[in-house]
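Computed from a predicted structure; not experimentally measured. For this chain, numbers begin at 1 and follow the sequence in order.
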Amino acid sequence: SLVWNKIDRNSEALELLLPIVRKKSGEYWAWQHLSECYPSGSSERFQCLCKSLTCYVKSPEFLLKVRLELAEELIKSELFNEAKFQIMKIKSVREEHEWGIKGRLEEMLGLEWLTDVEEDEGIEMINRNTQEAEKLLIEGLPTLKGVIAVSEIELGTKKRKFSIIDYIDDFKKINSIPVNHHRFPDVRNYQKGDPIEIIIDESEDRPNVLGINDRSGNKWDINPLSIG
């Protein structure tokens, strides 16, 4: 898919990458690669880079390329304060490791406006665009009716907490799927039987939950036999 990006076959790369990013949505590199499927200057590319920046990494060096690419997009959008923050962050990390300053970073540090603006991390902007990036993963996927079958249960050797959701698939069949509380913390707010809607990628052998939202309805409305 990365090769196809380089020869401008972005639609094919996007088709290949989306299932991977849906599974690895907590990995910075997945979002960085996804950003390359969209043209520079597009909102989608910007959103993916913001999301990548919020992912957990073992050390800040992993995000240097992401920050550089984000700085490019910020400059194009004339968000110079936010761009300066990313540029100076890259400079700081590289100097800490005595890696030297060269290439595009050196060019950015020589931009005339850099000394005229204050740094702004732009946390609200990054968080807002991160939420928009997550919507890219669910485009075209069906929204299914569901209910909370089990509000909390511990599963696995690590005793991680899950909720169990019953939902109706496209064939009108009721299925059950566990939802990790760590990945979807808001699911803890629901009670047993509460109506919800769930977005699931069923293209793989193991269905992958991508979203959970409120839904108007009655308790157990998809499966009245479960009442009580």
For residues [X] and [Y], report the shortest heavy-atom separation together with the two atoms involved.
X      : Y      : answer
Arg22  : Arg183 : O-NH2, 3.7 Å
Ile165 : Ile212 : CD1-CD1, 3.8 Å
Ile164 : Ser176 : CG2-CB, 4.1 Å
Tyr190 : Asn213 : OH-C, 3.6 Å
Glu118 : Asn81  : O-ND2, 2.9 Å
Leu49  : Ser35  : CD2-OG, 3.6 Å

Within the structure provided, determine whether [X] and [Y] are in side-chain contact (heavy-atom separation under 4.5 Å).
X      : Y      : value
Ile87  : Leu68  : no
Leu34  : Leu18  : yes
Lys161 : Arg188 : no
Leu144 : Glu197 : no
Gln47  : Lys135 : no
Leu137 : Ser25  : yes
Tyr167 : Ile177 : yes
Glu61  : Trp99  : yes

Ionic contact status for [Y] with [X], cut-off 4.0 Å:
X      : Y      : result
Glu119 : Lys84  : no
Lys51  : Glu132 : no
Arg215 : Asp221 : yes

Find the distance between [atom1] ([X]) and [atom2] ([Y]) and round it off to the nearest 0.5 Å.
X      : Y      : atom1 : atom2 : answer
Lys65  : Ile90  : NZ    : CD1   : 12.5 Å
Asp194 : Ile196 : CG    : CD1   : 9.5 Å
Cys37  : Arg45  : SG    : CZ    : 9.5 Å
Leu53  : Asn127 : CG    : CG    : 10.0 Å
Arg94  : Ile101 : CZ    : CD1   : 6.0 Å
Thr143 : Ile198 : OG1   : CD1   : 10.5 Å

More than 12 heavy atoms from other groups under 6.0 Å of [atom1] on [X]:
X      : atom1 : result
Glu202 : CD    : yes
Arg160 : CZ    : no
Glu154 : CD    : yes

Legend entry - Test side-chain contact (heavy atoms from CB on, under 4.5 Å) applied to Leu136 and Tyr38, step by step: CA-CA 12 Å; Leu136 296 172; Tyr38 301 103; 4.1 Å; yes
Inset, instruction - Answer yes or no: is there a donor N or O on one side and an acceptor on the other, between the side chain of Ser151 and the main chain of Gln191, under 3.5 Å? - result: no
Inset, instruction - For the pair Thr130 (side chain) and Ile126 (backbone), establish whether a donor and an acceptor sit closer than 3.5 Å, ignoring hydrogens and angles. - result: yes
Inset, instruction - Given side-chain contact (heavy atoms from CB on, under 4.5 Å), test Leu64 with Val66 step by step and report yes or no. - result: CA-CA 5 Å; Leu64 290 181; Val66 174; over 6 Å; no
Membership question, hydrophobic clusters at under 4.5 Å side-chain separation (ILVMFWY): are [Y] and [X] in the same one?
X      : Y      : result
Leu105 : Leu111 : yes
Val147 : Ile174 : yes
Leu63  : Phe46  : yes
Ile200 : Val187 : yes
Phe184 : Phe162 : no

Inset, instruction - Evaluate the criterion side-chain contact (heavy atoms from CB on, under 4.5 Å) for residue pair Glu69 and Gln32; output intermediate values, then yes/no. - result: CA-CA 9 Å; Glu69 292 175 353; Gln32 182 185 358; 3.9 Å; yes
Inset, instruction - Go through the steps for Met108 and Leu114 under the test side-chain contact (heavy atoms from CB on, under 4.5 Å), then give the verdict. - result: CA-CA 8 Å; Met108 287 181 175; Leu114 197 69; over 6 Å; no
Inset, instruction - Kindly assign one of parallel, tilted or perpendicular to the pair Phe62 and Tyr28, based on the angle between their ring planes and the thresholds 30° and 60°. - result: perpendicular
Legend entry - With Lys91 via salt bridge (Lys or Arg N to Asp or Glu O under 4.0 Å) - residues at least two apart: Glu95
Legend entry - Flag for Glu73-Ser40: side-chain donor and acceptor within less than 3.5 Å: yes
